[in-house]
Chemist: 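This is the structure I want to talk about, given as structure tokens.
Naming: A, B, ... by sequence-line order, numbering from 1 per chain.
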2 protein chains.
Amino acid sequence: MNTLAEENYLKSIYHLSVNAASVTTNQLAALLNTKASSVTDMLKKLADKELINYTPYQGVTLTASGEKVAVNIIRKHRLWEYFLVEKLNFKWDQVHEMAEEMEHISSTELIDRLDKFMGYPKYDPHGDPIPDCNGLFNIHNLKPVAAIGVNETGVICGVRDHSKEFLQYLEKQELTIGKNILILEVIEFDRSMILEMENKKIQISREVANNLLISL
Amino acid sequence: MNTLAEENYLKSIYHLSVNAASVTTNQLAALLNTKASSVTDMLKKLADKELINYTPYQGVTLTASGEKVAVNIIRKHRLWEYFLVEKLNFKWDQVHEMAEEMEHISSTELIDRLDKFMGYPKYDPHGDPIPDCNGLFNIHNLKPVAAIGVNETGVICGVRDHSKEFLQYLEKQELTIGKNILILEVIEFDRSMILEMENKKIQISREVANNLLISL
DNA sequence: TTATAAATTTAGATAAGTCTAAATTTTTTA
DNA sequence: TAAAAAATTTAGACTTATCTAAATTTATAA
């Protein structure tokens, strides 16, 4: 149907579209670790297949059919991540690369049965929503910890940065999905924050606070 | 490490090596659904990587390192087939194509954990032995039903033909892995065989008898 | 608003894996 | 054992996805 490279482009366009109306060539080149000229070539190909809307120099958006393909890849990625953590006992910082390969396994029947086998999970190990077999998913309204004030509380529900380093840091601090936190203090000097979590005080930098997502 | 095409060639060479000392270009072309000239090109590449022993016009054998790669792919293929049947409830005739994709997922850690998750199975859904994490597996000594005589018994332990059509036929006749059979009669005219299985009489053609494997 | 910088596209090249057609080697057979 | 047939390899071309370098377009700034 679509090649591996095409799938990766569509997925990347989808992810970059979250923050902007249209996605630029350079953004894609940076995310896909390739050159702008290679991106241009692929964009023409995807436009020919009517998976994206592409006007030279003006960036791209996904068409309805392109978005469907992208969401399906993301569904597969997140379900496999869930499988790796819940069934094979991997840690949340270990599963991304494996899921990057597994998301390209083509069978829809397989992924639907995997979904059923695991009890139709709604969120992956990083708190990201898992699209159902129709491509529908909850967009829950998360805020970075940095966006709330002293004496406010929240539940950790996701991360903005998905890097191994950040996930390992959070794991070590036990700042994991589902934990309740209370903001005790914001240090004026560097805007780092002191939280209470399970009766412990934890100080996190502004950088961390910006990348840790909570629901109120 | 190795490309998808390289992995498929090594796997094919391994499978064809079971029946002969060396594997020919045309055998590979037929099995891989490609042309002899394409095979020659790839054989040169694999020889450069010291995964096969190749002398022009003389066919190929796997080197120790090529065999290790091939066995590892087969391990992954069979473990995923087992997973699909035992965990996701697919039928034994449905899993081959999916496992053809899944066998290329690279992580060794993943496959070893999958193996553990399933309790270290020794045989896949078609009765083929699953190599362990060191590449070792039981070669049990199976015979085609056609090779035994009247009044002899055996346990169905494998198939020679792995085609969907043959597997579906066996399923319908309930001639599945683990069943006990007794040879009641061999029809002289076409050498078809009449078996007793779970108090039922079943007649199978010579063709079927040649492709159904039992242990005595 | 024109010059400069940045972003993007085009042109031409490369590597992997495949193909067809022609050439070569091996095997078979008369 | 020489001619014919079969198997295999070589030569040259194509596609996909990539690259560098040059050209073009858009954005920015004096």
Chemist: Please check: side-chain N/O of Q168(B) versus main-chain N/O of E165(B), any donor-acceptor pairing under 3.5 Å?
Modeler: no
Chemist: Could you work out, with ring-ring contact (aromatic ring centres under 6.0 Å, His included) as the rule, every residue matching H140(B), not counting sequence neighbours?
Modeler: Y123(B)
Chemist: Name all residues meeting the side-chain hydrogen bond (donor to acceptor under 3.5 Å, both in side chains) criterion together with K87(B); count only those two or more places apart in sequence or in a different chain, and write none if there are none.
Modeler: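 With neighbours one apart ignored, the set is empty.
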Chemist: Is there a residue in residues 12-32 of chain B whose heavy atoms reach under 4.0 Å of DNA chain C, and which residues are they?
Modeler: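 By residue number: none to list.
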Chemist: Please list every donor-acceptor pair under 3.5 Å in which a side-chain atom of residues 156-163 of chain A meets a protein atom from a residue at least two apart or in another chain.
Modeler:
| residue | atom | partner | partner atom | Å |
| --- | --- | --- | --- | --- |
| D161(A) | OD1 | S163(A) | N | 2.6 |
| D161(A) | OD1 | S163(A) | OG | 3.0 |
| H162(A) | ND1 | R160(A) | O | 3.2 |
| H162(A) | NE2 | D128(A) | OD2 | 2.7 |
| S163(A) | OG | F166(A) | N | 3.2 |

Chemist: Expressed as a whole number of angstroms, how long is the span from N2(A):CG to dT16(D):P?
Modeler: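 Distance, rounded to whole Å: 13 Å.
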Chemist: Could you identify which residues of residues 49-59 of chain B place a heavy atom less than 4.0 Å from some atom of DNA chain D, listed by residue number, or say none?
Modeler: Y54(B), P56(B), Y57(B)
Chemist: According to the salt bridge (charged side-chain N to carboxylate O under 4.0 Å, His left out) rule, which pairs have a member within residues 66-76 of chain B, sequence neighbours left out?
Modeler: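 Sorted result for residues 66-76 of chain B: R75(B)-D112(B), R75(B)-D115(B).
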Chemist: Considering residues at least two apart in sequence or located in another chain, which fulfil the ring-ring contact (aromatic ring centres under 6.0 Å, His included) criterion with H104(B)?
Modeler: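 With sequence neighbours excluded, H104(B) shows a ring-ring contact (aromatic ring centres under 6.0 Å, His included) to no residue whatsoever.
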Chemist: Pull out every residue in residues 34-44 of chain B that has a heavy atom closer than 4.0 Å to any atom of DNA chain D, ordered by number, or say none.
Modeler: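 Contacting residues: A36(B), S37(B), T40(B), K44(B).
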Chemist: Taking side-chain contact (heavy atoms from CB on, under 4.5 Å) as the definition, give me every residue that meets it alongside K116(A), ordered by chain and number, with sequence neighbours left out.
Modeler: Y120(A)
Chemist: Could you note down all residue pairs passing side-chain hydrogen bond (donor to acceptor under 3.5 Å, both in side chains) where residues 17-27 of chain A supplies at least one of them, sequence neighbours left out?
Modeler: T24(A)-Q27(A)
Chemist: Which pairs, with at least one residue in residues 97-109 of chain A and sequence neighbours excluded, count as a salt bridge (charged side-chain N to carboxylate O under 4.0 Å, His left out)?
Modeler: K11(A)-E100(A), K11(A)-E103(A), E97(A)-K164(A), E109(A)-R113(A)
Chemist: Is the phosphate of dT18(C) approached by Y9(B) (side-chain N or O, under 4.0 Å from OP1 or OP2)?
Modeler: yes
Chemist: E86(A): what forms a side-chain hydrogen bond (donor to acceptor under 3.5 Å, both in side chains) with it, not counting sequence neighbours?
Modeler: none
